[in-house]
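Notes follow once the structure below has been shown.
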2 protein chains.
Amino acid sequence: MHAPADLVSTLRDRGLRMTPQRLAILSAIMHTPGHISPTALARRIQGEMPGVNPSTVYRTLALLEEIGVLAHAHLEGGAEYHRAEEAGHVHLTCSRCGAGDDLSLEEATRLQAMIEETHGFHADLTHFAISGVCETCWNSVDRTGPKPARTR
Amino acid sequence: MHAPADLVSTLRDRGLRMTPQRLAILSAIMHTPGHISPTALARRIQGEMPGVNPSTVYRTLALLEEIGVLAHAHLEGGAEYHRAEEAGHVHLTCSRCGAGDDLSLEEATRLQAMIEETHGFHADLTHFAISGVCETCWNSVDRTGPKPARTR
DNA sequence: GTATATGCAAAGGTTTTGCACAGCC
DNA sequence: GGCTGTGCAAAACCTTTGCATATAC
């Protein structure tokens, strides 16, 4: 949906500019399969392109989200960013082992439909993770039920 | 499930002690209908019982969660604590107007069952809020779909 | 050339930690 | 009296903001 060329146009249309920093940040996220936190991203960028300031990373993330290129979700460790195209991923995170899984799109749609019917609430299950205990952890050890451990 | 008397015993069994600060913090949360953030709690406690340090609030919250009296959930504004008994509340928060609603317990159970069937994942829908657009907001204004606004 | 973007530095806010003292049991 | 809990202060983080400079267009 958003090849770099498109992005440049999108920016220009708004009187905004493409810079090496923005390109590096964008590229880093586009090559990240899942999601990445601002701080992790800042560190990674720092490696590839020393001198890029964290504040630039934050400003760029906010910008890219505003123009619809990126989105963020809230996982256990805090906010994480991902490509907007990759939205639709509903994150399941195991509170025991930390393993992550994704709900399928159809499944997510079914859940959302269910919530909409009863509450008229149009849920976006991608914005927050869903915590719980994965099958492996559930079958092993004690079975005290889904009780999230300390988050931070 | 946890009257103060019980709590004192629970603490004693672990070689822990009941203090005025812990009592004040616990009381504040027990009298809070929904959920409350650590900082908000610290401020409230400060009003009732000047001199109580924020660090004490944080340590107490962690302790009370560890012994199962409290639990926390991740809402838009960050982590919030609530009575463990009051778990089962699945928070729906509107990204447009900020309004909050709760999923019924049966409904939550149905959703969890659905996820379990297909993924073997035992979800705890109470740990993270569910973001989306409430009926009112959906019916008014533009209908661009559930797109969470900037969180922080 | 001009408006935008960046780096830098400082500030803001939240949460954690070390340590000496206070206080519960 | 001994061990736990608290206050205090400092530090560790993460994130935001103001401003001068650099730079994309």
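In what follows, every chain begins at residue 1, and chains take the letters A, B, ... in the order their sequences are listed.
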More 5' along DNA chain C: B/Gln21 or B/Thr39, using each one's nearest nucleotide?
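Nearer the 5' end of the strand: B/Thr39.
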First of B/Tyr58 and A/Leu11 reached from the 5' end of DNA chain C, by closest nucleotide:
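Closest to the 5' end, via its nearest nucleotide, is A/Leu11.
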Interatomic distance where [atom1] belongs to [X] and [atom2] belongs to [N] [whole Å]:
X	N	atom1	atom2	value
B/Gln46	C/dT14	CD	P	14 Å
A/His74	D/dC14	NE2	P	17 Å
A/Leu63	C/dT6	CG	C1'	13 Å
A/Glu80	D/dT15	CD	P	10 Å
A/Leu26	C/dA5	CG	C1'	16 Å
A/Asp13	C/dA3	CG	P	19 Å
A/Leu16	C/dT6	CG	P	10 Å
A/Asn53	D/dT21	CG	P	17 Å

Donor-acceptor pair present, A/Arg59 side chain and C/dA5 base, under 3.5 Å:
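No, no donor-acceptor pair under 3.5 Å.
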Determine whether any donor atom in the side chain of A/Arg12 lies under 3.5 Å from an acceptor atom in the base of D/dC25, or the reverse, and answer yes or no.
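Counting by modelled atom types and ignoring angles, no donor-acceptor contact under 3.5 Å is found here.
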Looking at A/Ser55, I'd like to know whether one of its side-chain N or O atoms comes within less than 4.0 Å of OP1 or OP2 on C/dC8.
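For C/dC8, neither OP1 nor OP2 has a side-chain N or O of A/Ser55 closer than 4.0 Å.
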I want to check one thing: is the phosphate of D/dA24, taken as OP1 and OP2, less than 4.0 Å away from some side-chain N or O of A/Thr19?
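Checking D/dA24 against A/Thr19, no side-chain N or O comes under 4.0 Å of OP1 or OP2.
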Please give me the minimum heavy-atom distance between A/Gln21 and A/Thr56, naming the atom from each residue.
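Smallest interatomic distance, heavy atoms only, reads CB-CG2, 4.1 Å.
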Should the ring pair B/His122 and A/Trp138 be called parallel, tilted or perpendicular, given that the plane angle runs from 0 to 90° and is split at 30 and 60?
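If you compare the ring of B/His122 with that of A/Trp138, the planes turn out parallel.
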Where does the angle between the aromatic ring planes of B/His72 and B/Tyr81 fall among parallel (under 30°), tilted (30 to 60°) and perpendicular (over 60°)?
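Geometry flag for B/Tyr81 against B/His72: tilted rings.
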Verify the distance criterion only: is there a donor paired with an acceptor across the side chains of A/Arg14 and A/Thr10 at less than 3.5 Å?
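Per modelled atom types, A/Arg14 and A/Thr10 side chains form no pair under 3.5 Å.
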NA contact type, A/Arg22, heavy-atom cut-off 4.0 Å: base, sugar-phosphate, or nothing?
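Sugar-phosphate only.
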With no hydrogens and no angle check, is any side-chain donor or acceptor of B/Gln46 less than 3.5 Å from a backbone partner on B/Gly51?
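Confirmed, B/Gln46 side chain pairs with B/Gly51 backbone.
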Select from B/Gly15 and B/Val52 the residue whose nearest nucleotide in DNA chain D is closer to the 5' end of that strand.
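Checking each residue's closest nucleotide, the 5'-ward one belongs to B/Gly15.
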Nearest to the A/Arg17 side chain among D/dC25, D/dG7, C/dG7, which nucleotide is it?
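From the listed options, D/dC25 comes nearest.
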